[in-house]
Amino acid sequence: MNNLEIKLPENNQFFTAEELQQFGQKAVQARETLLQGNGKGNDFLGWTSLPETLDPAIVSSIKEDAQRIKSNSELFVVVGIGGSYLGARAVIEALQSELQSLCKDRKAPLVVYAGHTLSEDYYSQLLSVLDNYNYSVAVISKSGTTTEPAIAFRLIKNHIERKYGKEQARQRIYAITDAEKGALHEIACIEGYKRYVIPDNVGGRFSVLTPVGLLPIAAAGLDIDQLLKGAKDMRKVCVEAPFGENPALQYAAVRNLLYSKGKKVEMLINFLPTLRYISEWWKQLYGESEGKENKGILPHSLSFTTDLHSMGQYVQEGERLLFETLISVKNSHSRVEIPSDEKNLDKLNYLISKTLTEINHCAETGTAIAHRNGGVPIVEIHIPEITEYTLGQLIYFFEFACGVSGYMLGVNPFDQPGVEAYKKNMFALLGKPGFEELRKTLID
């Protein structure tokens with residue numbers, strides 16, 4: 001069952017039907033390259049079949065560990081950076097708003113994050129919080145030597161062992177890492193931590209449907225079976241449906257078509273604050289997959305209506321180098337109506353009995369009309385509501401479209417050579433052994 005629908009920009013305004021057909025054929029060809037595994041980066045295609053090939057025993061183990069975490073922890077610390085935490089955070093925060101931290105009747109631990117920053121103040125505050133709550137930890141890294149999560153885990157490992165003692169701390173630490181090698185794998189084996197494997201053929205930004213994402217999501221009290229079912233159902237559409245019925249192929253085709261016409265920036269738009277980290281995950285997915293060889297659309301995001309009061313002017317009347325992809329959600333889980341007010345000093349009585357969802361949809365429609373009239377192409381992605389199932393669909397949709405789009409662009413969508421440049425300079429400046437010559441160059 002496919003609950004996700006796509007609406008493309010109007011042909012006669014931004015491109016012709018013939019152009020769409022041409023790029024549609026390219027998208028179909030790119031899908032064949034992806035599915036046949038004969039394109040660039042074909043050793044990292046394990047994510048394409050994950051919804052169907054993930055071992056049920058792993059899913060069962062994750063659910064058992066999630067129950068254990070919920071029984072003994074008020075906080076669950078997820079240590080990771082980039083793809084090691086963004087996918088899980090995207091799903092968790094889409095279903096649990098930031099106000100969740102204020103709820104006293106939570107049935108699952110509050111998930112907090114580490115390893116994604118080098119801020120000293122952040123870790124000072126985090127360690128102080130951990131003094132006052134029972135907690136468990138998932139540390140996520142293939143190598144175990146990525147600077148940010150490695151530092152975070154050293155700090156937290158020291159804290160949790162002092163707080164609980166080494167033996168009990170061992171029962172509260174979960175390592176998600178390489179199957180056979182790397183520093184974290186070695187630490188986990190020596191210390192006796194429960195281990196989950198990051199498959200060799202799945203890159204970090206495509207790993208949300210592995211234990212990397214599934215353990216934190218399950219520990220947060222969410223239904224990973226429905227998440228995987230949504231992804232599985234979307235996979236069937238992406239793999240089998242022809243172009244006219246395939247949202248992933250259509251999205252890949254249109255974004256490359258618009259790019260060929262000078263639309264260099266794509267803004268992912270939402271009208272719900274809980275989708276903020278869906279945007280952050282999406283930015284990494286597309287930015288790291290396509291930003292190579294001096295090519296690629298710059299992925300950006302805005303949260304409306306909030307950002308209409310800061311960036312709305314530029315979108316409406318700035319340089320015409322951008323297009324929008326709008327995630328539109330039909331239904332909310334709650335109902336809040338506008339009450340009447342006898343004095344009506346705020347002039348809002350015309351909204352009496354309207355729900356905030358109705359008002360938000362009118363803002364969404366009005367914004368889309370204004371931006372289109374201002375020359376901004378808009379791709380609309382419609383889902384009925386935010387659930388684990390629809391998020392599973394959305395995640396797989398974006399992943400599959402990303403693989404297709406990258407091949408259409410002519411790059412390897414599954415490597416990220418550029419992210420190493422800053423690391424080498426940082427290592428040299430910090431005096432890491434082996435970087436002495438580079439340090440001299442940088443200092444001189």
Side-chain angles (χ1 to χ4, degrees), residues 47 50-51 54-71 73-98 100-101 103 106-116 135-141 173-177 194-199 202 204-235 274-282 284-285 333 383 385-399:
W47 61 271
L50 266 178
L54 186 63
D55 187 347
I58 293 176
V59 177
S60 295
S61 179
I62 287 171
K63 290 192 283 190
E64 289 173 5
D65 284 334
Q67 287 298 326
R68 186 176 302 109
I69 292 164
K70 284 186 273 188
S71 71
S73 300
E74 299 162 281
L75 299 178
F76 187 53
V77 185
V78 175
V79 179
I81 196 168
S84 295
Y85 93 106
L86 278 173
R89 189 167 189 175
V91 173
I92 292 166
E93 298 202 8
L95 289 162
Q96 299 176 353
S97 78
E98 59 190 18
Q100 180 80 4
S101 62
C103 296
R106 290 197 312 271
K107 295 181 173 59
L110 181 69
V111 180
V112 296
Y113 303 90
H116 60 306
Y135 71 97
S136 296
V137 181
V139 53
I140 306 168
S141 175
I173 297 175
Y174 301 82
I176 306 175
T177 188
K194 175 68 176 286
R195 284 182 290 126
Y196 286 100
V197 171
I198 305 173
V202 178
R205 59 190 177 275
F206 291 88
S207 66
V208 63
L209 299 177
T210 73
V212 170
L214 296 178
L215 179 61
I217 291 167
L222 303 178
D223 189 339
I224 59 174
D225 289 329
Q226 282 298 302
L227 185 78
L228 291 166
K229 186 176 188 307
K232 181 178 179 179
D233 289 349
M234 178 52 65
R235 181 182 185 276
T274 55
L275 294 178
R276 173 189 168 195
Y277 271 91
I278 290 290
S279 296
E280 295 301 312
W281 169 79
W282 170 88
Q284 188 208 1
L285 179 66
H333 296 287
I383 58 176
E385 59 186 346
I386 300 176
T387 64
E388 290 93 335
Y389 179 81
T390 58
L391 289 172
Q393 289 197 316
L394 190 66
I395 286 166
Y396 194 87
F397 159 79
F398 275 134
E399 288 182 345

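Note that the structure is predicted; figures quoted are calculated from it, not measured.
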In short, salt bridge (charged side-chain N to carboxylate O under 4.0 Å, His left out) pairs touching residues 207-220 with sequence neighbours left out are none
Closest non-hydrogen atoms of Val202 and Ser207, given as atom of the first, atom of the second and distance, are CG1-CA, 3.8 Å
Backbone of Val111 reached by a side-chain donor or acceptor of Gln96 within 3.5 Å = no
The side chain to side chain donor-acceptor pair (under 3.5 Å) partners of Thr390 (sequence neighbours excluded) come to Thr387
Residue pairs passing the salt bridge (charged side-chain N to carboxylate O under 4.0 Å, His left out) test with at least one member in residues 215-227, sequence neighbours excluded, are Lys63-Asp225
With sequence neighbours left out, the residues meeting side chain to side chain donor-acceptor pair (under 3.5 Å) with Arg68 are Asp65
Looking only at heavy atoms, the pair that brings Gly115 and Val79 closest together is CA-CG1, 4.3 Å
Hits for ring-ring contact (aromatic ring centres under 6.0 Å, His included) against Phe76, two or more places apart or cross-chain, chain-then-number order -> none
Minimal heavy-atom distance between Ala114 and Val77, with the atoms involved, is CB-CG1, 4.1 Å
When rounded to the nearest 0.5 Å, the distance separating CD1 of Ile176 from OG of Ser84 is 9.0 Å
Ser73 and Pro109 have their tightest heavy-atom pair at O-CB, 3.5 Å
NZ (Lys70) and NZ (Lys107) are apart, to the nearest 0.5 Å, by 11.0 Å
ask   = Tell me, do Leu227 and Leu222 make a side-chain contact under 4.5 Å, heavy atoms counted?
value = no
dist Phe398:CZ -> Trp282:CH2 (nearest 0.5 Å) comes out at 7.0 Å
A side-chain contact here means heavy atoms from C-beta on lying under 4.5 Å apart; do Ile217 and Leu95 qualify? no
Contacts satisfying salt bridge (charged side-chain N to carboxylate O under 4.0 Å, His left out) that involve residues 77-90 (not counting sequence neighbours) are Arg89-Glu93
Subject >> Phe206 and Leu285, any side-chain heavy atoms less than 4.5 Å apart >> reply: yes
Residue set satisfying ring-ring contact (aromatic ring centres under 6.0 Å, His included) with Phe397, at least two apart, ordered chain then number -> Tyr251
The side-chain contact (heavy atoms from CB on, under 4.5 Å) partners of Glu64 (sequence neighbours excluded) come to none
dist Tyr389:OH -> Lys232:NZ (nearest 0.5 Å) comes out at 11.0 Å
Applying ring-ring contact (aromatic ring centres under 6.0 Å, His included) to Tyr277 and not counting sequence neighbours gives none
* Is there side-chain contact between Ile58 and Leu214, with at least one heavy-atom pair below 4.5 Å? -> no
Separation between NZ (Lys229) and CD (Gln393), nearest 0.5 Å, reads 8.5 Å
Side-chain contact, heavy-atom cut-off 4.5 Å: Leu54 with Leu209?
-> no
_Donor + acceptor pair across side chains of Thr210, Tyr196 (<3.5 Å)_ = no
Taken in chain and number order and not counting sequence neighbours, the residues that satisfy side chain to side chain donor-acceptor pair (under 3.5 Å) with Tyr135 are His159
> Going by heavy atoms in the side chains, are Ile278 and Leu391 under 4.5 Å from each other?
Replying inline: yes
Using the side-chain contact (heavy atoms from CB on, under 4.5 Å) rule, take Ile140 and Leu215 through it: C-alpha gap first, then chi angles, then the decisive distance, then the call. CA-CA 11 Å; Ile140 306 168; Leu215 179 61; over 6 Å; no
Across all chains, not counting sequence neighbours, the salt bridge (charged side-chain N to carboxylate O under 4.0 Å, His left out) partners of Glu388 are none
All heavy atoms of Arg106 vs all of Glu74, minimum pair found to be NH2-O, 3.7 Å
Crowding at NZ, Lys194 (>12 non-hydrogen neighbours, <6.0 Å) = yes
Correct closest heavy-atom pair for Ser141 and Ile198 would be C-CD1, 4.1 Å
When you look at Tyr396 and Leu50, which way does the side-chain contact (heavy atoms from CB on, under 4.5 Å) test go after all the steps? CA-CA 10 Å; Tyr396 194 87; Leu50 266 178; over 6 Å; no
Residues at least two apart in sequence or cross-chain that pass side chain to side chain donor-acceptor pair (under 3.5 Å) with Gln284, listed by chain then number, are Glu288
Taken to the nearest 0.5 Å, the spacing of Ser279 OG from Leu86 CG works out to 11.0 Å
